[in-house]
Amino acid sequence: LTLNLPSDVHVKGVTYGTPRVGNKDFVQLFDEKVPDFTRVNNEHDIVPIVPGRFLGFEHPKGEVHIVSPGNAVTCTGDDDDDDDQCTDQSVSSIVTGNVLNHLGPYEGIHIGTLFCN
């Protein structure tokens with residue numbers, strides 16, 4: 001959006017449990033063009049750690065990691081593997097993760113068909 005909208009239009013992005021979406025060049029461009037961005041990851045969700053960094057995929061900056069209900073930390077880096085409370089350290093592989101954490105809760109809200117009635 002920031003590439004096609006007038007420069008005075010502010011774009012803010014918030015995502016929940018998103019996978020890695022681009023390579024290093026993409027992430028650098030994204031961080032430059034959308035500095036007001038937050039990606040929220042929930043507990044041991046495996047989706048944010050795929051595809052693997054060994055394939056060249058990275059996250060943009062802006063992680064907020066929900067460590068437990070009502071307890072979240074702000075992570076400073078793209079894939080912040082220096083902080084053991086951020087996703088990259090706390091969910092080191094899909095074996096140690098839990099795909100059900102992908103469904104939330106995110107600030108008390110669950111997503112997905114398991115929670116629809």
Side-chain angles (χ1 to χ4, degrees):
L1 289 172
T2 60
L3 296 174
N4 294 297
L5 293 172
S7 61
D8 62 335
V9 175
H10 179 80
V11 174
K12 176 179 182 163
V14 179
T15 62
Y16 296 88
T18 53
R20 293 182 178 113
V21 295
N23 64 14
K24 184 177 185 172
D25 292 337
F26 172 83
V27 167
Q28 287 175 340
L29 179 65
F30 188 90
D31 287 343
E32 176 188 325
K33 297 294 182 183
V34 189
D36 191 359
F37 179 71
T38 303
R39 54 185 179 84
V40 182
N41 296 329
N42 187 46
E43 298 188 33
H44 293 100
D45 182 5
I46 63 172
V47 173
I49 66 164
V50 296
R53 291 191 312 171
F54 68 95
L55 294 171
F57 287 85
E58 297 184 17
H59 275 297
K61 292 180 178 151
E63 178 184 6
V64 171
H65 184 219
I66 300 171
V67 178
S68 61
N71 182 18
V73 296
T74 300
C75 304
T76 57
D78 299 339
D79 272 324
D80 193 345
D81 57 358
D82 294 332
D83 188 332
D84 63 355
Q85 290 191 317
C86 296
T87 298
D88 205 46
Q89 282 291 319
S90 65
V91 189
S92 58
S93 76
I94 60 171
V95 175
T96 62
N98 183 345
V99 73
L100 292 178
N101 285 156
H102 185 64
L103 303 177
Y106 297 95
E107 299 174 18
I109 298 172
H110 287 87
I111 60 173
T113 57
L114 289 177
F115 298 98
C116 295
N117 51 23

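In this text, all values refer to a predicted model and were calculated from it rather than measured experimentally. Residue numbers start at 1 and run along the sequence shown.
Linking ILVMFWY residues whenever their side-chain heavy atoms come closer than 4.5 Å, directly or via other members, leaves Val40 and Phe37 in distinct clusters. Hydrophobic clustering, with ILVMFWY side chains joined whenever heavy atoms are under 4.5 angstrom apart, keeps Val21 apart from Phe57.
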Validation: residues 64-73 side-chain donor-acceptor distances under 3.5 Å, sequence neighbours left out:
from, atom 1, to, atom 2, distance (Å)
His65, ND1, Gln85, O, 2.4
His65, NE2, Glu43, O, 2.7

Pair up each side-chain donor or acceptor in residues 91-100 with any protein partner under 3.5 Å, not counting sequence neighbours, and list the distances.
from, atom 1, to, atom 2, distance (Å)
Ser93, OG, Val95, N, 3.2
Ser93, OG, Thr96, N, 3.4
Thr96, OG1, Ser92, N, 3.4
Thr96, OG1, Ser93, N, 3.3
Thr96, OG1, Ser93, O, 3.0
Asn98, OD1, Leu100, N, 2.9

Worksheet item: Going through the distances and angles, do Tyr106 and Val14 end up as a side chain to side chain contact (heavy atoms under 4.5 Å, CB included)?
Response: CA-CA 12 Å; Tyr106 297 95; Val14 179; over 6 Å; no

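When the side-chain contact (heavy atoms from CB on, under 4.5 Å) test is applied to Leu1, the partners found at least two apart in sequence or on another chain are Leu5, Val11. Applying the side-chain hydrogen bond (donor to acceptor under 3.5 Å, both in side chains) test to His44 and every residue at least two apart in sequence or in another chain returns nothing. Evaluation of the side-chain hydrogen bond (donor to acceptor under 3.5 Å, both in side chains) rule for Asn42 yields no partner, not counting sequence neighbours.
Gly104 and His110 get closest at one heavy-atom pair: C-CD2, 3.8 Å. Taking each heavy atom of Pro48 and Asn41 in turn, the nearest pair found is CG-OD1, 3.3 Å.
Pairs of residues two or more places apart, or lying in two chains, that qualify as side chain to side chain donor-acceptor pair (under 3.5 Å) and include a residue from residues 5-18 are His10-Asp36, Thr15-Thr18. Sorted pairs that involve residues 24-35 and meet salt bridge (charged side-chain N to carboxylate O under 4.0 Å, His left out), not counting sequence neighbours, are lacking altogether. For residues 65-74, the set of pairs meeting the salt bridge (charged side-chain N to carboxylate O under 4.0 Å, His left out) definition, not counting sequence neighbours, is empty.
The environment of Glu107 atom CD is sparse: at most 12 non-hydrogen atoms of other residues, nucleotides or ligands sit within 6.0 angstrom.
Taking 4.5 Å as the limit, every side-chain heavy atom of His59 sits out of range of all side-chain heavy atoms of Asp88. With a 4.5 Å cut-off on side-chain heavy atoms, Asp45 and Thr87 do not count as touching.
Here Leu3 is tied to no hydrophobic group at all, with no ILVMFWY side chain closer than 4.5 Å. Leu29 shares a hydrophobic cluster with no other residue; no ILVMFWY side chain has heavy atoms under 4.5 Å from its own.
Between the Arg20 side chain and the Pro51 main chain, a donor and an acceptor come within less than 3.5 Å of each other.
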